[in-house]
Amino acid sequence: MRNGEIAEAFEELASLYELDGVVVYRVVAYRNAAKAIREAGVSVEEMARQGRVEELSGVGKTIAEKIDALLETGSIPAAEKLKARIPSGLIAVTRIPGLGPKRARLLYETLDVASLDNLREAAEQGRLKDVPGFGAKAEENVLTALAAGADGSPKTRTLLSKALAIGEELVGALRDHSSALKVELAGSARRWGDDVKDLDIVAASSDPAAFVEAFGSSPAIDVVHSSGEAGARAVTHTGLPVDLRIVPEEAFGNLLQHFTGSGKHNEALRTAAVKRGLHVSEYGIADDESGDSLAYATEEEVYERLGMQWVPPELRENRGELEAARAGRLPQLIELDDIRGDLHMHTTASDGHASIEEMAEAARERGYQYVAITDHSASHGFGDDVQPDELLRQVERIRALELEGITVLAGTESNILLDGSLDYEDPVLEQLDWVVASVHTSFRTPEKEQTERMMNAMEHPLVDAIGHPTGRLIERRAPYAIDIDRVIAKAVETGTFLEINANPDRRDLNDVYAKAAGEAGVTLVIDSDAHWPHTLANMRYGVATGRRAWLTAEQVANTRPWAELDKLRKRSR
DNA sequence: GCCGTTTTCGGCCCGACTGTTTTCAGTCG
């Protein structure tokens, strides 16, 4: 069973217990365990088999036993028992704004509301407003939410690249406002997560009223729901919620820290601070001993006051960054400027939209020293295939190029066939400078075969890197079934690089797997997979994933000049 | 239910808002 599926079972269990009314800390414990399982980076099923799940922070004896039961029988006995008493349809009811577990439970007990359909009926018949603690307003809010399309599913998220396009535009315009003192994008966008629920903008302004007014009349903003001197809540034309918060400049550091999150990072940071008699909020840090509360203008000062290094936003997920920051041992994270070349891109020979020269020139303008042209291969289909003779002609053209200031490498993104072999013969591959191997077919192959397919490909002496190793498309397609631990181990053993594909729809390897790979000693490459000259700029999403994976420049091959990278790969061993 | 620079028991972040209330519980971020 995959980590995500195990995590989901515990999230459901937490919701059921919450509806049952157990002490909140038990619910929190199950949710924390679910998060730890989801982000484990290695197979939790495998850990369970080895009796090691309690090594995960947040998993103790009780939850370990429940994991065992889940893996053995396919369900958690406690959850089955609860479902006999509490309809699981109530979980959807708790996702209606304004309704939480307590109120959903009350509706179940008084009105027999066990699903969203029941809820709609009760509200339409005017029965909701007579329940103690409810009123006309509550009933109206439920009907409004249902009419607006609330369907009890978790909130929709927006791909980071789409959210950033809007957020950077908004922030840029607000910085130009005459009253702007400080303006920053916060929240998960600042942490460079895969996707975001909303945009958080924090600001200091000499004239908050005028500033909020300017925000509300930005071209990207559709409706402003509420606004005042402290900020505003609005929605863009694309339906993305945006929160603007304003504080005095002297507390800007506290506000930025608070709204950058993550929630889990802040929670852990505050819990640790309380033990030292310090209380952290978005307004300042209160000290039990002196009795006063101090505000800080910068985040650096906030973290310093709490006795630790400033934590880069990409690391703020409560994955060990607080311990590292206290010990002064945060890694020196890779930066976009460290990248020397891009080793995965397409041209019109396959499904790209520009020539070799256009791609190379755009890369040179970005300051790169080298690029590899890696068009799709012989079995690719969709009319985008490149047959061996065509590839060899492309190699000749590349060798004959006369471009100043950039090295163009002849490469391929060769399909990994079902048996793990590539779709070019070795004599063809030997003519190339760089080989990326990727899975583009048979996504639904069972895990064992899919894993062995990829491991076989890594055994090939000419395969330099595996492209987008899990095949996921964020929000659109789940990763194919693959045992990532075995893939990582094989990458270490064979000296094959694993790619972080920087396409913002992919970001594959993801942060969790890339961190596991880095820790195991895998060398990674970060590539744009560009199909146009301008999408070479997607590199920043890959570097962000690398930063979220705690990677240093040292661990990423293409931070080196080509001659050095060349010596690092398996064919030079 | 988990966990330990205060602890193997007794805690477990902080603040704002809403709607229903005579002082606050529940929800949300």
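From a predicted model like this one, the values you see are computed outputs, not experimental measurements. When reading the values below, keep in mind they use all heavy atoms of this one structure, side chains included, and skip hydrogens, waters and symmetry mates.
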- Query: Quick one: which of B:dA16, B:dC14, B:dG19 gets closest to the side chain of A:Asn141?
  - Reply: B:dG19
- Residue whose nearest DNA chain B nucleotide is more 5′ - A:Thr94 or A:Glu282: A:Glu282
- Task: Classify the ring geometry between A:Tyr30 and A:Tyr17 as parallel (under 30°), tilted (30 to 60°) or perpendicular (over 60°).
- Result: parallel
- Message: From CG of A:Leu56 over to P of B:dC3, roughly how many Å is that when rounded to an integer?
- Response: 10 Å
- Heavy atoms only: give me the nearest A:Glu139-A:Leu128 pair and the separation to one decimal. OE1-N, 2.9 Å
- Item | Residue-phosphate contact under 4.0 Å: A:Thr271 side-chain N/O, B:dC12 OP1/OP2 | no
- Expressed as a whole number of Å, how far does the P atom of B:dC12 sit from that of B:dT7? 15 Å
- Message: Heavy-atom count check: over 12 atoms from other residues, nucleotides or ligands less than 6.0 Å from A:Glu323 CD?
- Response: yes
- Out of B:dT20, B:dG1, B:dA16, minimum distance to the side chain of A:Arg26 belongs to B:dG1
- Item | Closest listed nucleotide, where the reference is the side chain of A:Val274 and the choices are B:dG15, B:dT20, B:dC13 | B:dC13
- Are A:Arg31 and A:Glu18 within salt-bridge range, i.e. N to O under 4.0 Å? yes
- Task: Determine which nucleotide pairs with B:dC12, using a 3.5 Å limit on both distances of a Watson-Crick or G-U wobble pair.
- Result: B:dG1
- Note on the structure: Taking B:dG19, B:dC3, B:dG1 as options, the one with an atom nearest any side-chain atom of A:Ser57 is B:dC3
- Task: Select base, sugar-phosphate, or nothing to describe what A:Leu106 touches, counting heavy atoms under 4.0 Å on all strands.
- Result: nothing
- Item | Between B:dG1 and B:dT8 - C1' atom distance, rounded Å | 14 Å
- Heavy atoms under 4.0 Å, any strand shown: does A:Val280 hit a base, just sugar-phosphate, or nothing? sugar-phosphate
- Message: Looking only at the side chain of A:Lys275 (C-beta and beyond, no hydrogens), which of the listed nucleotides B:dG1, B:dT20, B:dT6 gets closest?
- Response: B:dT6
- Task: Could you measure between the two P atoms, the one in B:dT20 and the one in B:dT27, and give it in whole Å?
- Result: 13 Å
- Item | Whole-angstrom distance between B:dC13 and B:dT21, as gauged at atom P | 30 Å
- Task: Would you indicate, yes or no, if B:dG1 has its OP1 or OP2 atom less than 4.0 angstrom from a side-chain nitrogen or oxygen of A:Tyr30?
- Result: yes
- Could you point out which residue of A:Arg38, A:Lys264, A:Arg548 forms a salt bridge (charged side-chain N to carboxylate O under 4.0 Å, His left out) with A:Glu317? A:Arg548
- Under 4.0 angstrom between A:Tyr25 side-chain N/O and B:dC3 OP1 or OP2: no
- Identify whether any heavy atom of A:Pro132 sits under 4.0 Å from a base atom; if not, whether one sits that close to sugar-phosphate; answer base, sugar-phosphate or nothing. nothing
- Item | A:Asn266 side-chain N/O to B:dC14 phosphate OP1/OP2 under 4.0 Å | no
- Query: How long is the line joining CZ of A:Arg245 and C1' of B:dG29, in whole Å?
  - Reply: 10 Å
- Task: Between B:dC14 and B:dT6, how far apart are the P atoms? Round to whole Å, please.
- Result: 16 Å
- Distance, C1' atom - from B:dT23 to B:dT18, rounded to whole angstrom: 15 Å
- Message: With a cut-off of less than 4.0 Å, is there a side-chain N or O of A:Ser281 near OP1 or OP2 of B:dC13?
- Response: no
- Query: Please give, in whole Å, the distance from B:dG29 C1' to A:Lys264 NZ?
  - Reply: 13 Å
- Note on the structure: Walking DNA chain B from its 5' end, the first of A:Arg103 and A:Glu54 to be reached, judged by nearest nucleotide, is A:Glu54
- Query: Is A:Asp287 salt-bridged to A:Arg305, cutoff N-O under 4.0 Å?
  - Reply: yes
- Verify whether one side chain among A:Asp117 and A:Ser115 offers a donor that lies under 3.5 Å from an acceptor in the other. no
- Query: How long is the line joining CD of A:Glu267 and P of B:dG11, in whole Å?
  - Reply: 19 Å
- Integer-rounded Å distance: B:dT5 P and A:Glu323 CD: 11 Å
